[in-house]
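Down below is the structure, laid out as structure tokens.
Excluded from the calculations below are hydrogen atoms, water molecules and symmetry mates; all remaining heavy atoms, backbone and side chain alike, are included. Note that the structure is predicted; figures quoted are calculated from it, not measured.
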Amino acid sequence: MSTDRAPILAFTPSPPGMPWSPIEPDRPAPQTTVPVAWLGRTSTEDAQDPTLSLPRQLRNARAALPPGWVIVAHFYDVESGRKDIAMRGHSRAHESFNIPIPRDGGISDLLAEAKNPDRRFAAVICESIERVARRTYFGTKIEYELEQTGVALCAADEPILTDSRAKRATPTLTRRVKQAVSEWYVLQMLELSWDGFIQHIEQGWNIGKPPYGYLAERVPHPVPAKREQGLTKHRLIPDPQRAHVVTEIFRMRVLRKLGYARIAAELNTDLHKYPPPRPNRADTTKHRWTASAVRSILENPKYTGYQVWNRKARKKRGNRANPVSEWIWSPRPTHEPLVTRQLFAAAWPGASAHPGVKKERAARAAAASADRSYVLRSYLFCTLCEHRMYGKASKGRSYYACQPKKDQHQDADWYAAHPKAVWISERAMLEAIHTFFEDRIFGPQRRPLLEAAMTTTATATGPDRSNDIQRLQNEADSLARRKELLLDQLASPDEGDGDPETAAEFRRGIRKRFDALEHERRETLARLETFRAEAAPEGPGDLDLLEVIPQLGFRFAKLPDALQREIFDAFRLRVRYDGRDRSVQLEATILAAIAPDLAEIGERAAIAARAVDQPIRERPRQDSNLRPSA
């Protein structure tokens, strides 16, 4: 096979689509060699066998060549044809196979060489046009780029036109129809596959490796052909040695508000009682618990007894997490749960919203300045802006402050009405909180007080949040549109004007702005949910849960700060302070799933109070200018 470039000189540029026409079309042209590049592609390695598919494509392409046409270069990839052009040709999946074809590169290398005046080929041939791309837009774009450089794109299953006067209308229509059919076929298969996975989930079959705490109950495959191959399907059953560990992890997270690293450290103290997870690859095992292993358990909704699929985008987004709205849940429980949905919801919100991580960070900050600690750190919020108030010290006393920065909130409507600084004394706030717990959580009159509060809430007219809700909804929609505009800019073909470094800097800048908008959007949605809850408050739940908590009489002020914070965490204390009228709203939650644990914490608090010999007899009230409300 000759690779002499001299025959290329026998061809001159001609109208797009016929770049190889003879110099003298009126005379019979002598037989000459036309160098051709072969373009092949097979799907990802889990869908096809590249060692069979690629040689077949090359054989069919070679058989369709006109006399005198010779393949001089081989370009092929093992990747999906639906990927963006910029992402094509960079896969190294072909290295995993012994493909008996020399490789000059992928499709990106083919396009790069086509722009070179000293290219080795005058045309490109593939087995069929869908091998170029599975999206019509990408396929026609590649064809257009090749034609602009004077290189024709041919397909083995289409007529190869060598006459400059040949009519191209019908062949072009046929090619476009084939490209459209190819794209339709892929989309249809994806939709049918999606529906199949949904049915698979609804029937209770598990997809993938059983999560920690479960074992696979294997059942012969219902399809006879697959059953003969030994294939099976499986459901989840509890692992008798590890199921209890999952429940304990959720209890640590919800009850004690521990972060991932703290939970892993406590589990590592007794690996016999809490056996660590086994990884897919034995050579990667660490034989201990890690923060990532704990997080993967807390984020897995399968522990609620439901089958859940599509939590991660394993193909399109590099195994990143999908939004919760895109998860596919089975309509009913399909296996034995290890935690309740209520307990999962309390533990799941994520590192950015869960106080466990913030608690660890606060502990590190407190360790750095051991001379000052704030008992109410992470519990106190400003009603005006819904931001968390932070501890400050002044003249030897502890305060909590909210001082929003103008450059961060200059577009927010609430900023104009917000004072420059809102301060509240820690001593005054603790008095209100201690009274709240002594009377309404552990006191003998807690039930009548709660029933009275329910009656007041039912008859009172709540704050009109309609304007705030509409404003926040518009703000969230605006942020979503701005994100879409950034994505449109990222997809713009003229980013960086062709300079790779400028393009990379452009993408980094877009990504930074995108992340900032997403963070602001999430904060806006969180405030929106708060206002909606105020506009339509939910009931307090089951009043009988109060009876699970023992009635105790002790001074909260005499308890150690660490024990106070443990009680505040267990009851999910949330305090909202309004600096305009110096009112404070306190909220505590009793989860049915951990009510016995809350009772146990109360008993420990009573023991600690008796140790300092401070039982309640007649509790003197101290004057306070705070007006607490339950």
Heavy-atom check, side chain of Gln307 versus side chain of Leu236, under 4.5 Å: yes

Side-chain H-bond candidate by donor/acceptor type, Arg582 with Tyr577, under 3.5 Å: yes

Any side-chain heavy-atom pair of Trp327 and Asn310 under 4.5 Å: no

Step-by-step salt bridge (Lys or Arg N to Asp or Glu O under 4.0 Å) determination, Arg427 to Glu431: CA-CA 6 Å; Arg427 179 173 175 271; Glu431 288 178 3; 3.7 Å; yes

Glu202 side-chain N/O to Pro331 backbone N/O, donor-acceptor pair under 3.5 Å: no

Derivation and outcome, side-chain contact (heavy atoms from CB on, under 4.5 Å), residues Val308 and Trp329: CA-CA 5 Å; Val308 185; Trp329 289 70; 3.7 Å; yes

4.5 Å side-chain heavy-atom contact, Arg388 and Leu380: no

Between Thr334 and Arg235, a side-chain donor and acceptor under 3.5 Å: no

Check: Tyr214 side chain, Glu336 main-chain N or O, donor-acceptor pair, under 3.5 Å: yes

Side-chain (Arg440) to main-chain (Arg446) donor-acceptor, under 3.5 angstrom: no

Verdict with supporting geometry, Arg134 and Ser182, side-chain contact (heavy atoms from CB on, under 4.5 Å): CA-CA 6 Å; Arg134 284 288 189 177; Ser182 173; 2.9 Å; yes

Min side-chain heavy-atom separation Ser394-Trp423 under 4.5 Å: yes

side-chain contact (heavy atoms from CB on, under 4.5 Å) assessment of Arg295 paired with Glu299: CA-CA 6 Å; Arg295 176 172 182 169; Glu299 292 181 342; 2.8 Å; yes

Close side-chain approach of Leu190 and Tyr185, heavy atoms under 4.5 Å: no

Glu426-Tyr400 side chain donor-acceptor pair, cut-off 3.5 Å: yes

Distance-only polar pair, side chains of Asp195 and Gln199, donor-acceptor under 3.5 Å: no

Reference residue Phe250; test side chain to side chain contact (heavy atoms under 4.5 Å, CB included); the match among Leu255, Thr340, Val339: Val339

Check: Lys302 and Asn206 side chains under 4.5 Å, non-hydrogen atoms: yes

Heavy-atom donor-acceptor pair, Ser330 side chain to Pro333 backbone, under 3.5 Å: no

Trp309-Trp194 aromatic ring centre distance below 6.0 Å: yes

Residue pair Leu376 / Val575, side-chain heavy-atom distance below 4.5 Å: no

Candidate pair Arg580 and Leu384, rule side-chain contact (heavy atoms from CB on, under 4.5 Å), full reasoning: CA-CA 9 Å; Arg580 294 169 296 187; Leu384 299 175; 3.0 Å; yes

Pairs touching residues 80-90 that satisfy salt bridge (charged side-chain N to carboxylate O under 4.0 Å, His left out), sequence neighbours left out: Glu79-Lys83, Glu79-Arg88

Tyr379 and Asp569 side chains, donor-acceptor separation under 3.5 Å: yes

Sidechain-backbone polar pair: Thr140 side chain, Thr136 backbone, donor-acceptor under 3.5 Å: yes

Aromatic plane relationship, Phe437 with Phe568 - under 30° parallel, 30 to 60° tilted, over 60° perpendicular: tilted

Heavy-atom side-chain proximity of Pro301 to Tyr306 below 4.5 angstrom: no

Steps toward salt bridge (Lys or Arg N to Asp or Glu O under 4.0 Å) verdict (Arg256, Glu266): CA-CA 12 Å; Arg256 301 169 58 187; Glu266 295 207 8; 2.6 Å; yes

Test side-chain contact (heavy atoms from CB on, under 4.5 Å) applied to Thr589 - qualifying residues, sequence neighbours left out: Arg572, Glu587, Leu591

